[in-house]
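Before any comments, here is the structure.
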Protein chains: 2
Amino acid sequence: MLDLSSSLQDYLEAILELSEVNSTVRVTDLAKKLNIAKASVSQSISKLVDLNLVQQESYGPIELTSTGREQALKVRRRHRMLRKFLIEILGVKPEIAEKDACKMEHSISPETMDKLVDFLAASEQLPQEEPKMTTQLSQLKKGQTGTVTKIEATGTLRRRISELGVNVGTKITVLGVAPMGDPMEFSVQDYRLSLRKDEASLIRVEVDQ
Amino acid sequence: MLDLSSSLQDYLEAILELSEVNSTVRVTDLAKKLNIAKASVSQSISKLVDLNLVQQESYGPIELTSTGREQALKVRRRHRMLRKFLIEILGVKPEIAEKDACKMEHSISPETMDKLVDFLAASEQLPQEEPKMTTQLSQLKKGQTGTVTKIEATGTLRRRISELGVNVGTKITVLGVAPMGDPMEFSVQDYRLSLRKDEASLIRVEVDQ
DNA sequence: TGAAATTGTTAGGTTAGGCTAACTTTTGAA
DNA sequence: TTCAAAAGTTAGCCTAACCTAACAATTTCA
């Protein structure tokens, strides 16, 4: 694992986020998202290109390399875990949790992160309530919101889903379905997310209301 | 509350720590503790002097002003709380907890810190075991270790004791007693601490072993 | 299709927080 | 009491990450 500065990690994470919403990621998008001057973004991107984490031809769009994507996913995973912890365990307000997670993600060691994940897992097991009626996420209609009760995917897909911020307890809303019924577009914790229908069918949710 | 950079906060905290162990704090001590070149320390101290947080005549020892001391105590309180949280709640190893707390203390918002303190307080109340035999901390002999069960001090003194890192559950060891029986010298969480005998008598402990 | 608007880059500057080397002041031991 | 070692300061430099201003490339659309 490379030793990236916090700032560069933030760039990677932002590129990842944007690439899931927009078809191309451009300097201007990043500048707006991170609230940094275009010129500064441009310079930082050059650094990331030198590090082989990002590809960009002059004046062209920005794309993560596979190493870059890997790094970005790790960063985001930490970010989301931390936020989840702050919100669900400590009861910090979401806006503040978001900001703090953003800053803390850079100072927390892998060991502590692991313990934090353990703690989250343990606390999720505790409240054993009566079984609820659940459906596949893919069954929800546009506009409906559900709370994830179980992730039936395994292996890489399970990990990926988790990295995308979808975990037991997460609220997820259907934003829309593509013309052919696939993929589906969701909103999770303020992020947009696309999943293929067969992927969504491996996530069980309890429909809200 | 001033808006100090993390680095300057670290200096303040280190000065406070050193001032409790040494009679005077010098540039060299700080340089060694923080692992930073003397020249850099010297410069940073000038900044702190400009900010009225530290007093120093040229070539003389370093002393916190009252504002500086206040700031330093706040920083240390956050540091210790975080470390305590990492160790006691998450079960992170002390060495790692120490390092992480050091870095995280600068990125955590007051709101989150409050929640964290609440959480610690709540988790301390849960395990209600049978009452134990306790004594006043002032009754311990040199070399004995006790676990704090109650702090009977109130108001400012109570706050001060807590800021010094002494809280319910804290292990505290008697390092020695001054010739006249006062003050007493303790070791708490790797720090040295002096308390007057009458202050120590307001802390109840359960003797270890 | 070509000028205006948008997007991206370059040049040059700032600040914080480090560093080394060279200097000055203080201290303490012969 | 004097002078070498230790302690502290100053000068000058570096890097990361930001900035603005000016310039270059690319789109867009009239």
Side-chain angles (χ1 to χ4, degrees), chain A residues 2-15 18-19 21-64 68 71-72 75 99 102-103 105-107, chain B residues 2-15 18-19 21-64 68 71-72 75 99 102-103 105-107:
Chain A
L2 291 87
D3 197 15
L4 282 173
S5 72
S6 346
S7 166
L8 292 185
Q9 286 183 31
D10 286 339
Y11 280 106
L12 285 183
E13 189 180 358
I15 295 169
L18 286 172
S19 72
V21 182
N22 305 349
S23 55
T24 61
V25 179
R26 288 161 311 162
V27 170
T28 313
D29 303 331
L30 275 170
K32 203 174 296 173
K33 185 175 174 88
L34 297 173
N35 206 21
I36 287 175
K38 277 191 305 172
S40 310
V41 172
S42 186
Q43 284 177 322
S44 298
I45 295 300
S46 319
K47 281 187 209 166
L48 289 173
V49 169
D50 290 347
L51 291 168
N52 249 303
L53 298 168
V54 150
Q55 282 183 320
Q56 186 204 29
E57 294 120 58
S58 218
Y59 292 93
I62 296 160
E63 273 181 86
L64 291 170
Q71 293 288 320
V75 172
K99 280 187 212 156
C102 214
K103 286 180 285 173
E105 74 189 34
H106 304 301
S107 51
Chain B
L2 290 90
D3 198 14
L4 280 173
S5 72
S6 345
S7 165
L8 292 185
Q9 286 181 31
D10 286 338
Y11 280 106
L12 284 183
E13 190 180 357
I15 295 169
L18 286 173
S19 71
V21 182
N22 305 350
S23 55
T24 61
V25 179
R26 287 161 314 161
V27 170
T28 313
D29 303 332
L30 275 170
K32 202 172 296 171
K33 185 176 175 89
L34 297 173
N35 207 18
I36 287 174
K38 277 191 304 171
S40 310
V41 171
S42 185
Q43 283 177 322
S44 298
I45 294 300
S46 319
K47 281 187 208 163
L48 289 174
V49 169
D50 290 347
L51 291 168
N52 249 303
L53 297 168
V54 151
Q55 283 183 319
Q56 186 204 29
E57 291 120 60
S58 220
Y59 292 92
I62 296 160
E63 273 181 86
L64 291 170
Q71 294 287 319
V75 171
K99 280 188 213 155
C102 214
K103 287 180 285 174
E105 75 189 35
H106 303 301
S107 51

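Only a predicted model underlies this, so the values are computations on that prediction, with no experimental measurement involved. Letters A, B, ... mirror the listed sequences (proteins, then strands); counts begin at 1.
A side-chain contact (heavy atoms from CB on, under 4.5 Å) with Gln56(A) holds for exactly one of Leu48(A), Val27(A), Val25(A); it is Val27(A).
Distance, Leu18(B) CG to dA7(D) P: 14 Å, rounded to whole Å. Atom CG of Asp29(A) and atom P of dT7(C) are 8 Å apart (whole Å). Rounded to whole Å, atom P of dT26(D) lies 7 Å from atom OH of Tyr59(A). Atom CG of Leu30(A) and atom P of dA17(D) are 15 Å apart (whole Å). Going from atom CD1 of Ile45(A) over to atom P of dC18(D) covers 11 Å, rounded to whole Å. One atom, CD of Glu57(B), and another, P of dT26(C), lie 11 Å apart when rounded to the nearest Å.
For the pair Leu4(B) and Leu53(B), the minimum side-chain heavy-atom distance is below 4.5 Å. By the 4.5 Å heavy-atom criterion applied to side chains, Leu51(B) and Leu8(B) are counted as neighbours.
An OP1 or OP2 oxygen of dG8(D) is reached within less than 4.0 angstrom by a side-chain nitrogen or oxygen of Thr28(B). The side chain of Gln9(A) contributes no N or O atom lying less than 4.0 Å from OP1 or OP2 of dA17(D).
Within 4.0 Å (heavy atoms only), Gln56(A) reaches sugar-phosphate atoms of the nucleic acid but no base atom.
When the nearest nucleotides of DNA chain C are assigned to Ser58(B) and Val25(A) by heavy-atom distance, the more 5′-ward of the two goes with Val25(A).
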Less than 3.5 Å apart, which donor and acceptor atoms pair up between the side chains of residues 29-45 of chain B and the rest of the protein, not counting sequence neighbours?
| unit_1 | atom_1 | unit_2 | atom_2 | d |
| --- | --- | --- | --- | --- |
| Asp29(B) | OD1 | Arg26(B) | NH2 | 3.4 |
| Asp29(B) | OD2 | Arg26(B) | N | 3.0 |
| Ser44(B) | OG | Tyr11(B) | OH | 3.3 |
| Ser44(B) | OG | Ser40(B) | O | 3.2 |

Using a 3.5 Å cut-off and no angle test, enumerate the donor-acceptor pairs between side-chain atoms of residues 57-64 of chain A and protein atoms at least two apart in sequence or in another chain.
none

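Direction of the helix axis in the helix from dT1(C)-dA30(D) to dA30(C)-dT1(D) shifts by 10° between the two five-pair termini, rounded to 10°.
For the atom pair CD (Glu105(B)) and CD (Gln9(B)), the distance works out to 7.0 Å, reported to the nearest 0.5 Å.
Atom NZ of Lys103(A) is surrounded by more than 12 heavy atoms from other residues, nucleotides or ligands within 6.0 Å.
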Under 3.5 Å, N/O pairs linking protein and nucleotides 15-21 of chain C:
| unit_1 | atom_1 | unit_2 | atom_2 | d |
| --- | --- | --- | --- | --- |
| dG17(C) | OP1 | Ser5(B) | OG | 2.5 |
| dG18(C) | OP2 | Tyr11(B) | OH | 3.4 |
| dC19(C) | OP2 | Ala37(B) | N | 2.8 |
| dC19(C) | OP2 | Ser40(B) | OG | 2.7 |
| dC19(C) | N4 | Gln43(B) | OE1 | 3.4 |

